[in-house]
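Remember, it's a predicted structure, so these values are computed and weren't measured experimentally.
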Amino acid sequence: MKKTVKGYILGFLSAVILVGGVAYAANTTTLYDVMNSGIKIVVDGQKLNPTDANGEPVEPMIYNGTTYLPVRAVANAFGKAVYWDGPNYTVYLGDMDGALEYPTVELEDMVSVDDQPVLTDELTDNYGNRYSRAVTNKNIGHTLEYLLNMKYSKLKGVIYVPEGEDNTREAYLTVEADGNTIYTSPTVTKVSKPIPFDIDVTGYNDVKIIFNGVIMCLGDAGFYQ
């Protein structure tokens, strides 16, 4: 039984997201016809009545000879937390310690109500570390302001100086939330090591990221639910 259930869970994670009676491929728009055939799930001798995040019943399905189980219901049956990170097509099972591998939304994809993020292709810092995406500032005092509507819990990323930077000025980053300063970075110079930041923004609506200087980039930065 354990081997079978494990195989089904892995198959579900790699292949489809179950929504009602239709299977949607996670990164395509292809639709598949599936069968709801009254499959029962029994865990340690107890029947499991699978439900979605809203408590609505969800049926297992059969597609192309393979049975797929709703991952949330099965995870709950084994006492595992489950989180669906939609923007990154990632399912997290079990204890995450509050840490997600990818931002729910990246800074460069958000719309600021003040200045707009400046995308940069300077993705390597002055210590040889490489970042997949980054934003920077265009002037001293450049401010990114976001209305979060209390949807996020973390603002995370790395402050770094791009490779080859020769500006001799000092700089630092300030983050304000609902009018209060909640983070001030160490001072950054052209020889500074990258500085990871992990800022609690739980319950805040208005968050401002203020560049106090002109030599900083924010690598792989974004908001996490």
Side-chain angles (χ1 to χ4, degrees), residues 83-90 92 95-225:
Y83 175 77
W84 167 238
D85 180 7
N88 294 297
Y89 297 114
T90 304
Y92 292 88
D95 185 10
M96 299 183 300
D97 254 350
L100 300 179
E101 183 177 358
Y102 306 104
T104 305
V105 59
E106 303 211 33
L107 281 186
E108 68 177 69
D109 295 329
M110 296 187 72
V111 177
S112 170
V113 298
D114 202 331
D115 296 325
Q116 293 305 313
V118 178
L119 278 61
T120 179
D121 56 5
E122 295 179 305
L123 299 177
T124 302
D125 64 28
N126 55 355
Y127 283 81
N129 301 299
R130 180 81 176 172
Y131 305 92
S132 60
R133 306 174 80 181
V135 300
T136 189
N137 56 319
K138 58 186 176 183
N139 51 49
I140 297 174
H142 187 106
T143 300
L144 306 177
E145 182 176 3
Y146 302 104
L147 301 181
L148 303 185
N149 196 26
M150 298 180 287
K151 292 192 302 183
Y152 302 100
S153 63
K154 295 283 187 179
L155 169 61
K156 296 172 64 175
V158 178
I159 301 168
Y160 71 91
V161 178
E163 186 177 37
E165 177 62 53
D166 58 5
N167 194 314
T168 58
R169 296 182 182 179
E170 295 182 343
Y172 65 96
L173 191 76
T174 303
V175 178
E176 296 180 359
D178 293 345
N180 298 308
T181 299
I182 60 172
Y183 174 78
T184 301
S185 77
T187 300
V188 176
T189 69
K190 66 178 183 179
V191 296
S192 294
K193 293 182 178 180
I195 303 170
F197 58 90
D198 185 339
I199 305 166
D200 188 352
V201 294
T202 304
Y204 290 119
N205 179 54
D206 180 80
V207 170
K208 294 180 180 179
I209 303 170
I210 305 168
F211 291 83
N212 301 287
V214 295
I215 62 173
M216 292 181 295
C217 295
L218 303 184
D220 298 334
F223 289 97
Y224 294 69
Q225 288 185 330

**Prompt:** Between Val105 and Gln225, does a side chain to side chain contact (heavy atoms under 4.5 Å, CB included) hold up when you go through it step by step?
**Reply:** CA-CA 9 Å; Val105 59; Gln225 288 185 330; over 6 Å; no

**Derivation of the side chain to side chain contact (heavy atoms under 4.5 Å, CB included) call for Val135 and Thr120** = CA-CA 6 Å; Val135 300; Thr120 179; 5.8 Å; no

**Item:** side chain to side chain contact (heavy atoms under 4.5 Å, CB included) between Lys190 and Thr168, worked out
**Value:** CA-CA 6 Å; Lys190 66 178 183 179; Thr168 58; 4.2 Å; yes

**Request:** Please assess Ile210 against Val175 for the test side chain to side chain contact (heavy atoms under 4.5 Å, CB included), listing each intermediate value before the final yes or no.
**Result:** CA-CA 6 Å; Ile210 305 168; Val175 178; over 6 Å; no

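Among residues two or more places apart in sequence or in another chain, the salt bridge (charged side-chain N to carboxylate O under 4.0 Å, His left out) test is passed with Glu108 by Arg133. With sequence neighbours excluded, the residues satisfying side chain to side chain contact (heavy atoms under 4.5 Å, CB included) with Lys138 are Val118, His142. When the ring-ring contact (aromatic ring centres under 6.0 Å, His included) test is applied to Phe223, the partners found at least two apart in sequence or on another chain are Tyr146, Tyr152. Scored by the side chain to side chain donor-acceptor pair (under 3.5 Å) test, Thr124 finds Arg130 as partners (sequence neighbours excluded).
The stretch residues 154-195 participates, sequence neighbours left out, in these ring-ring contact (aromatic ring centres under 6.0 Å, His included) pairs: Tyr131-Tyr160. Listed by first then second residue, pairs satisfying salt bridge (charged side-chain N to carboxylate O under 4.0 Å, His left out) with a partner in residues 165-189 number zero, not counting sequence neighbours. For residues 197-219, every residue pair satisfying the side chain to side chain donor-acceptor pair (under 3.5 Å) rule, not counting sequence neighbours, is listed here: Lys154-Asp198, Thr174-Asn212, Asp200-Thr202.
Side-chain atoms of Ile195 and Val158, non-hydrogen and from C-beta on, never get closer than 4.5 Å to each other.
Of the inter-residue distances, the one linking Leu144 atom CG with Leu173 atom CG reads 9.0 Å to the nearest 0.5 angstrom. Taking CD1 from Ile159 and CG from Asp125, the interatomic distance works out to 12.5 Å, rounded to the nearest 0.5 Å. For the atom pair Met110 CE and Leu107 CG, the distance stands at 7.0 Å (nearest 0.5 Å). In this structure, Lys156 NZ and Leu218 CG are separated by 15.0 Å, a value rounded to the nearest 0.5 Å. Note that the CG atom of Asn137 and the CD1 atom of Ile209 stand 11.5 Å from one another [nearest 0.5 Å]. Of the inter-residue distances, the one linking Thr189 atom OG1 with Asn167 atom CG reads 10.5 Å to the nearest 0.5 angstrom.
With hydrogens and angles disregarded, a donor-acceptor distance shorter than 3.5 Å links the side chain of Tyr127 to the backbone of Val191.
A donor-acceptor contact closer than 3.5 angstrom links the side chains of Ser132 and Asp220.
Shown here for Ala134 and Gly219, the closest heavy-atom pair between the two residues is CB-CA, 4.0 Å. Residues Thr143 and Ser112 share a closest heavy-atom pair of O-OG, 4.2 Å.
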